[in-house]
Amino acid sequence: MLSGMKFLITAGPTREPLDPVRYLSNRSSGRMGYALAGAARHEGHEVVLISGPTALDVPPGVDFIHVETAQQMYDAVHDMVGGVDVAILCAAVADYRPVAVAEQKMKKHAERLVLELERTPDILGSMRSVFGFAGVLVGFAAETQEIEHYARGKLERKGCDMVVANDVSRADIGFDSRENEVLLVFPDRTEALPRDTKEHIALHIVEHAALLHS
Ligand code: CTP
């Protein structure tokens, strides 16, 4: 049966606060993740979308959880992962966050300021080992070189069934763009999807993921 599965999708950037008015983040628009949520719903699946801040409308019929930080996204995924058949982790999670968050707005003093950062929890890397997730696991890889090689390494290290890899060195696709061109990396093969809208690419990814489950 290729419809009626439960999908969990992460999307968008995270924001890692420095003080009450500043944060570290990235250029992710969330479009790929929201397109995935819309496509999965369109295919008749139940969808929970866990997203950092974006300017996008939540696709109709999708359950939505808003988060800001990597830690909040980690906690939300942990809470929601029970009973999920397919997890697609598309969010551009910040890899590092400030060690200390100032309680008051930081004032400027010296000419230079060094920020100390620490790693955020790895949500994709926790799915199998910490959360015990046994469903279909799809990760994303944003690379600037040796795309397939790095994506395959990620697939193996994090126990994914598929990694969607794209070349973020290109300005015309991927980050903050309406189109994408990706490689689907599986344990036994790689498939290239030609440049297309994120909505069409999303549909292919959802169909592939559903097939992996059946
Ligand atoms: N991811 C995650 N939790 C994090 C960081 C990333 O779940 N704290 C997920 C992303 O949603 C994406 C994948 O992991 O599915 C990206 O993997 P990552 O190793 O962070 O990718 P890059 O940033 O491309 O890797 P690197 O920094 O090693 O180049």
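Both ligands and their constituent atoms are indexed starting at 1 by order of listing. Along the sequence shown, residues are numbered consecutively beginning with 1.
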K.L.:
Suppose the criterion is side-chain hydrogen bond (donor to acceptor under 3.5 Å, both in side chains): which pairs have a residue in residues 143-154, not counting sequence neighbours?
P.N.:
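side-chain hydrogen bond (donor to acceptor under 3.5 Å, both in side chains) check on residues 143-154 returns Glu143-Lys154, Glu148-Thr190, Arg152-Thr190.
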K.L.:
Inspect the contact between Arg128 and Asp122 and indicate whether a charged nitrogen and a carboxylate oxygen are less than 4.0 angstrom apart.
P.N.:
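No salt bridge links Asp122 with Arg128.
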K.L.:
How would you list, by chain and number, every residue that makes a side-chain contact (heavy atoms from CB on, under 4.5 Å) with His200, sequence neighbours excluded?
P.N.:
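side-chain contact (heavy atoms from CB on, under 4.5 Å) check on His200 returns Asp196, Thr197.
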K.L.:
Salt bridge between Glu199 and Arg31, side-chain N to carboxylate O under 4.0 Å?
P.N.:
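The answer is no: the pair does not qualify as a salt bridge.
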K.L.:
Is it the case that over 12 heavy atoms from other parts of the model lie below 6.0 angstrom from the CD atom of Glu118?
P.N.:
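Buried by this count: over 12 neighbours within 6.0 Å.
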K.L.:
Listed by chain and number, what are the side-chain contact (heavy atoms from CB on, under 4.5 Å) partners of Tyr96, not counting sequence neighbours?
P.N.:
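For Tyr96 the side-chain contact (heavy atoms from CB on, under 4.5 Å) partners, ignoring immediate neighbours, are Leu117, Arg119.
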K.L.:
Tabulated below should be the N or O atoms of ligand 1 paired with protein N or O atoms at under 3.5 Å; can you produce that?
P.N.:
| from | atom 1 | to | atom 2 | distance (Å) |
| --- | --- | --- | --- | --- |
| ligand 1 | 3 (N) | Ile123 | N | 3.0 |
| ligand 1 | 7 (O) | Leu124 | N | 2.8 |
| ligand 1 | 8 (N) | Pro121 | O | 2.8 |
| ligand 1 | 11 (O) | Leu89 | O | 3.3 |
| ligand 1 | 11 (O) | Ala91 | O | 2.7 |
| ligand 1 | 15 (O) | Leu89 | O | 2.5 |
| ligand 1 | 15 (O) | Phe140 | N | 2.9 |
| ligand 1 | 15 (O) | Phe140 | O | 3.4 |
| ligand 1 | 19 (O) | Lys154 | NZ | 3.4 |
| ligand 1 | 19 (O) | Lys158 | NZ | 3.3 |
| ligand 1 | 21 (O) | Lys154 | NZ | 2.8 |
| ligand 1 | 24 (O) | Ala142 | O | 3.1 |
| ligand 1 | 24 (O) | Lys154 | NZ | 3.0 |
| ligand 1 | 25 (O) | Lys154 | NZ | 3.1 |

